[in-house]
Structures are given as C-alpha cells and as structure tokens.
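Model, not experiment: these values are computed from the prediction. Throughout, a chain's letter reflects where its sequence line sits, starting with A, and its residues are numbered from 1.
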Number of protein chains: 2
Amino acid sequence: MVTVKDVAKAAGVSIATVSRVVRDEANVKKDTKDLVLKVIRELNYQPNALARQMRQQSTKTVIVIVPDIGNSFFHEILFGIQDTATKYGYQILIANMNNRPDVETYYFNALLQKQVDGVISLSANIAKSLMDKVANAYPIVVACQYLDNSDMPNVTIDNISAAKKIVEYLIEQGHTHIAHLTSHPTALLYRDRFNGYISALAEHGLPIDLELVCYDEPSIEGGYRQMNNLLELGKPISAVFAAGDTMAIGALKALKNAGLKVPDDFSVVGFDDIEFSSIFEPALTTIRQPKFLIGQTAFEKLFKLMNGAPLDSLKDILDYELVIRESSGVNRHK
Amino acid sequence: MVTVKDVAKAAGVSIATVSRVVRDEANVKKDTKDLVLKVIRELNYQPNALARQMRQQSTKTVIVIVPDIGNSFFHEILFGIQDTATKYGYQILIANMNNRPDVETYYFNALLQKQVDGVISLSANIAKSLMDKVANAYPIVVACQYLDNSDMPNVTIDNISAAKKIVEYLIEQGHTHIAHLTSHPTALLYRDRFNGYISALAEHGLPIDLELVCYDEPSIEGGYRQMNNLLELGKPISAVFAAGDTMAIGALKALKNAGLKVPDDFSVVGFDDIEFSSIFEPALTTIRQPKFLIGQTAFEKLFKLMNGAPLDSLKDILDYELVIRESSGVNRHK
DNA sequence: TTGTATGCGTTATCAA
DNA sequence: TTGATAACGCATACAA
C-alpha cells in the first residue's frame, strides 16, 4: 500500500506537505504542489479513508434504517436522502430491518461505535426510551413514522388530516358506509389515520361502526383477508379506506375475486401512493406522500444536527396530495 | 468518549488486558475478565470501530453496486447477500447507481480507499478494462450481469438456455409467430436472451423475422411503446417474449388498451419474475431467476476471495425455473 | 512555506 | 496470565 510516507520520500518533501496537497490546503507553493501531485499520480497513491476517519473521528457516512427495502414506498425517500447526502459529500449506509424490530437496536450500535455520523430512521418501532437516549447524544432524525410525546427531530405529513381528506372525498362521492382497513394500532401512524377516518365520518354525521374497522398485516395478503371478512359481514358497505396502498391492492383483488366491479360496485382508496398503485388495474386512488421531499428534508435536518447548527423547527410537516384514479367513484347503489 | 484507557485505569489492569476481554480472547483469568466486563458496563464503554478497522485495515464491510434500487428484481438478491454477509459478520453498503454508468466508477474508489473490503456489482456497465484492473487487485464479484471474455468471478443463470426454454414453451402452445421485446444490445445479457429466442425458433423450423424484434428501455413504458409498434405492423403475431418482466407488463397494458384479451387472443411471457409479476392481472408467465440464491452465492464467493481462499469455480451458473401463470396459453387463432 | 512531532483508539508483539 | 510498547496512516499544533 502506498502511503503519505512513500509519496513524501519520492517527492523529497515531508509528509505534512503531502497531506496538505492531498487536502488542497492553501499554503503550499505552486511548484511543490505540482511536484507532489505528479508523484501521487506516478505512485497511484490513494489516501486511506480509514486513517483519515480515525484521525477526524468522522466517517461522513449516515445510516438509514429502512423497515423493509422490498417496500417501494421507501425507495423514493431513499432517493431524496441520497440526493441530498451526495450534495454534501456524505455516503449513506442502507440498513434493512426486514421488519424485525430487534435489528433496529443493533444498528444503533453502529452509531455508538462511531461508524456513522448520524442516523435517519424510517421506523419508530424501537423502544421510545432508547430512541430518546440516543437522540440526546447523537444526530438522529425520524422520518415517515413518529412517536407519542417524543421530541425527536421528525419529518412527516399530517396523517390525521390526510386520512380525513380522502375519507371526505369518499363521502362527497355519496358513500355513507365506509370501511377501514388498517394495521398495528401500536404504530401512531395508523392510529392517526384511524382518527382522521373517524373525524370525517363524525363531522358529516355518518354512523360509526367499529365492526367495519379491520386490522391485519400491512400487506396485499392482509388487505385481501380483511376485505373478504368485510364482505362476509353482509353489511351495506360501498367503499373502503385502506391505511396503506398494499392493503388497498389486496382489497381490490378480493373484490375482483368476489365478482364485484370497481369502481362501479365499490370504491377503494389507499394511502402512500407507492409505485405499484398507478400501474395496477384499476389504478388506485390514494394519498400521495411527498416521498422525495421527505428524504431531502430529513437529510437537511440531520446535516444541521451533525454540524451543531440550530434547527428551524424540530418537526417538519410536509404537504400531501389526494390523487384520484380509477378505483373510486360515485356511489351508484344509494 | 470512553476508551480502553479509561476502562484499564478504572479496572486497574493494562489496556492490553481490556482489549483481550473485549475481543473475548482465551487467555484471560476468569476473575480479571469479570472485573473488566463489570467496568465496561459501568462506564458504558463502546469499542471504537474506526480505530479497530484502522488497525486491522479491514472494515468488514462490502459494497453492493445496484443499478437501480427502485427495481424490485434486485431486492431479493440484496436479501440473499445481506443474509450471508450477516452470517459472516459483514455489513453491506448499498450503492445505488440510479442507472448512471459513471457512478459505478465513483464507487470503486471506496474500494481503493479501503473503505470496504470487497465489491459485489450487479451491473457490468463499467468499462471492461477498469473492471479487470480492479478485479486483479481487489475482491470483486459480478452477479446477474456479466461481460464478454472477462475472467471476473461471476454468478448468473444461463440466459441463453432460459430464453430458449420459455420460447419453446410458447412454441409448444402452438405459437408460430412470436415477437421479442428487448433492450440495449450492448448488454451481453440481452444478446444472450436474444440468442436463446433465435435458437428456439430455428430449431423448430419457424421463420425468423427481425422486424418482430424490438428494442427499447427495459421499463413498462418501453414495453408499452414497442408492443404498440408491433400491433401496428399488422403481422399475424400471437405471442411475445419480453426480455424483462417490466417490458412484459408494458406489453400487457398495450394489449389491453388495444382491446385484445390475454391469454385468449395473445400470449405474453417475461423474464426475471419480479414481485410485480405475480400480482399484476393477468399474472405473468416468466423465467424465475433464483434471486436469493444468487445473492447468497455471490457473497460466499466474495468471502472466499477476501480471505484468499481458492474458488471452486470462477463462474457459477445457477438454475432457473419456468413459471407458468395467466398471461400465456394455447394459440387459438391457428 | 515547510518540517517535526504527537496523537487518534485499537490490536498485536514481545517480554515478563 | 499479564503488561509495556510499537505500530496502523493520517491530520495538525507548533516550530522553524
């Protein structure tokens, strides 16, 4: 391995001078600099990043904890993070949790051991106490998900109002019996979407029937299962709001399987706007989260944190958008 | 920051002893070990990974160059890599190229600067010369893709025979005029699939019409565009073999748009078996690559390379599988 | 403008 | 079984 020493010897200068040239410091004579650069090229010298990081106690690397890399919802967020990170000369380490909560803790150790300068977590499953403990001492931003009563820096949308908006859209289409497919109520995210659903119904004087609220895994299978359960109830439902697009697609499959036409017989709306949702047939009506922007904003926030700069705001609430496509329409069975 | 020194002082032993305990070396007296462990807990000591890596000149990290993290084809491969890497105590750094060829070169620098111990590239776009130069000196494995006349360690399937097999399946269903949707012929991958297509037709005495071979981006849009072009030709085509599932799904959309029924009027088959393909309706007939196994095998290979162990074989050719679903059937228009 | 010397926190060698 | 000490490759305070 070629080191500064080798370059210094070959160029007839000190290692300090070589180091200065490598880091492009100002106070080096032009001639010296050219000579050293020439030698660096000749010897094909590559600075050892490990030694540099060790010396500076910084890796210019940020770890992103992704609950499930197989879920395309996270891809655009990753793009946003990566885009901004690259701009600032940072690398990102993608840690895939595979939806196993214990892995999250594991990755926080990377932070404690100085392997990374900061963390962006797209998951909030980890025990709140640990989260707060770590956030106290290290730069960390939570995006998409969030915790109750936590003062962690956070980037997200207003899930309550977004859920309310899409349910109100269904109500405007004449639907009065709207079911709700959702997931683990331990996640504040789902509780918020549930609250938005309830608010919309209540404010429009519609009856609330908790039998129409079904819980399952946030997956196509989960949505399929619960849609079938709903159909078996034999109640006069004409629309369903799924708290995630994957569940919505599962619901669409169950409806098709039952011989029901969407949106003629039934309206289905989701949440997130994953890639799949616009390609599936019928294309899904949903809430679009500003995924790229969430990623960008999360990194910007983390960057400030890592550099000890003050945050404009602890929590950023970004705008969402109602995207109306083919899976929803007016209630024709009134 | 708590270091070995602090622990040593507090425990009244030398730093060497602390280091031994941390690394769980054998020759430490039980009592000493217990004492040191107690102090480590009390001080909440975390070994500094940077210093360790610096000392050992190894990061136990492998970089995986992914052409496009938005493409679900790569997810299962990543799972396979990650699964095996974790088993051996390695971390993986996912480098997303975003399909920009220049980024590939950039990431190889991480290798040269000792930030990672090895590379798994799921892309082969980089100039062959650079690839060979790097592979000569550093542990690197190419998976899924591959280059002409290159002696880089490689894990893949036999694309020629797989393409041939799925086209032969179409022929068995009575199809005689089969089109081919494919992408950049600069990629050996696509040339091989094209060759398999041609072989199948030739060996069954079917006419080869190069007007039925269309090139475009390997995306839904690309497939959609070219399927429309094919339909405009007005030739008696009854089936199409797309060299990738995304193109196949684009073709399905174009056929639907044209009012054609799949598989009654037309058969469509793809390649890869991405997640989407089984969920889309109609579900796609395709070639399933053993994605998880490709990932596992690639890491196993890299691991040997990183440890200077001999490779059983330079190139591993894994088995594929023909998956017959709803998008293909017998030719009813003969 | 350049060089000398020290230290980052760990592991590993050697001696005790 | 333990301890003293020398690296690892670089950045930087200080001196020249």
Side-chain angles (χ1 to χ4, degrees), chain A residues 1-40 43-61 89 109-117 138, chain B residues 1-40 43-61 89 91 109-117:
Chain A
M1 173 186 263
V2 184
T3 73
V4 271
K5 268 190 195 161
D6 302 314
V7 176
K9 191 189 285 177
V13 299
S14 74
I15 61 165
T17 299
V18 175
S19 178
R20 289 186 186 105
V21 172
V22 168
R23 283 171 298 123
D24 208 22
E25 262 194 20
N27 45 352
V28 178
K29 199 166 66 181
K30 178 88 167 58
D31 290 358
T32 319
K33 185 170 176 179
D34 290 344
L35 170 65
V36 171
L37 285 175
K38 180 163 155 281
V39 173
I40 284 179
L43 298 184
N44 194 21
Y45 166 73
Q46 291 278 354
N48 184 311
L50 282 176
R52 175 177 289 173
Q53 290 167 5
M54 155 91 181
R55 179 63 226 252
Q56 319 203 114
Q57 288 298 314
S58 154
T59 55
K60 291 279 179 188
T61 300
N109 284 331
L111 185 64
L112 301 178
Q113 302 186 353
K114 303 276 179 191
Q115 302 226 65
V116 297
D117 298 348
Y138 298 92
Chain B
M1 174 188 263
V2 183
T3 72
V4 271
K5 268 190 195 161
D6 302 314
V7 176
K9 193 189 284 177
V13 297
S14 73
I15 61 166
T17 300
V18 176
S19 179
R20 288 187 186 104
V21 172
V22 169
R23 284 171 297 126
D24 208 22
E25 261 193 23
N27 45 352
V28 178
K29 199 165 66 179
K30 178 88 167 59
D31 291 356
T32 318
K33 184 171 176 176
D34 291 343
L35 171 65
V36 171
L37 285 175
K38 180 164 154 283
V39 174
I40 284 178
L43 299 185
N44 194 22
Y45 164 73
Q46 291 275 355
N48 184 311
L50 282 177
R52 173 178 291 172
Q53 291 167 5
M54 153 92 179
R55 180 61 228 243
Q56 318 202 114
Q57 287 299 311
S58 154
T59 55
K60 293 277 180 190
T61 300
Q91 296 190 315
N109 283 333
L111 185 63
L112 301 179
Q113 301 186 354
K114 303 276 176 190
Q115 301 227 63
V116 297
D117 298 349

* **Euclidean distance, atom CG of residue B:Asn27 to atom C1' of D:dT1 [Å, nearest integer]** => 7 Å
* Checking all strands, does B:Val13 fall into the base, sugar-phosphate, or nothing category for heavy-atom contacts under 4.0 angstrom? -> sugar-phosphate
* To do: Would you kindly check whether a donor in the side chain of B:Arg55 faces an acceptor in the base of D:dA7, or vice versa, at under 3.5 angstrom?
  => yes
* Name the closest nucleotide to the A:Tyr45 side chain, picking from D:dA4, D:dC10, C:dT10. => D:dC10
* Asked: Could you give the CG-to-P distance, from B:Leu50 to D:dC8, as a whole number of Å?
  -> 18 Å
* Nucleotide C:dT10, atom P - distance to NZ of B:Lys60 in whole Å -> 18 Å
* Does B:Ala51 offer a backbone N or O that forms a donor-acceptor pair with the side chain of B:Arg55 under 3.5 Å? -> no
* Counting side-chain heavy atoms from C-beta on, which of C:dA12, C:dA5, D:dG9 comes nearest to A:Ile15? -> C:dA5
* Structure fact -> Checking D:dG3, D:dC8, C:dT2 against the side chain of B:Gln57 (C-beta onward), the nearest is D:dC8
* Any donor-acceptor pair under 3.5 Å from A:Gln57 side chain to A:Met54 backbone -> yes
* Asked: Are A:Lys38 and A:Asp34 within salt-bridge range, i.e. N to O under 4.0 Å?
  -> no
* Give the nucleotide from the list C:dT1, D:dT2, C:dT4 with an atom nearest to the side chain of B:Lys29. => D:dT2
* What is the distance from CD of B:Gln53 to P of C:dT11, rounded to the nearest Å? -> 11 Å
* To do: Take the protein atom CZ of A:Arg52 and the nucleotide atom C1' of C:dG7, then report the distance between them rounded to whole Å.
  => 17 Å
* **Nearest non-hydrogen partners of B:Gln115 and B:Thr61, listed with the distance** => O-CB, 4.4 Å
* To do: Just compare D:dC10, D:dT1, D:dG9 and give me whichever is closest to any side-chain atom of B:Thr32.
  => D:dT1
* Is there a donor-acceptor pair closer than 3.5 Å between any side-chain N or O of A:Asp117 and the backbone N or O of A:Ser58? -> no
* Asked: Roughly how many Å is it from CD in A:Gln115 to P in C:dG9, rounded to a whole number?
  -> 15 Å
* To do: Find the distance A:Arg23:CZ to D:dG9:C1' and express it as a whole number of Å.
  => 13 Å
* Under 4.0 Å between any heavy atoms, over every strand shown, what does B:Thr3 touch: base, sugar-phosphate, or nothing? Just pick one. => sugar-phosphate
* Measure from the side chain of B:Gln56, starting at C-beta and using heavy atoms only, and say which of C:dT11, D:dG3, C:dC8 lies closest. => C:dT11
* Toward the 5' end of DNA chain D, which comes first, A:Glu25 or B:Val28, by nearest nucleotide? -> B:Val28
* Name the nucleic acid region contacted by A:Thr17, choosing base, sugar-phosphate or nothing; use a 4.0 angstrom heavy-atom cut-off, strictly under. => sugar-phosphate
* Taking only the side-chain heavy atoms of B:Ala16 (C-beta and beyond), determine which of C:dG3, C:dA12, D:dG9 contains the nearest atom. => C:dA12
* Separation of atom CZ in B:Arg20 from atom P in C:dA12, rounded to whole Å -> 11 Å
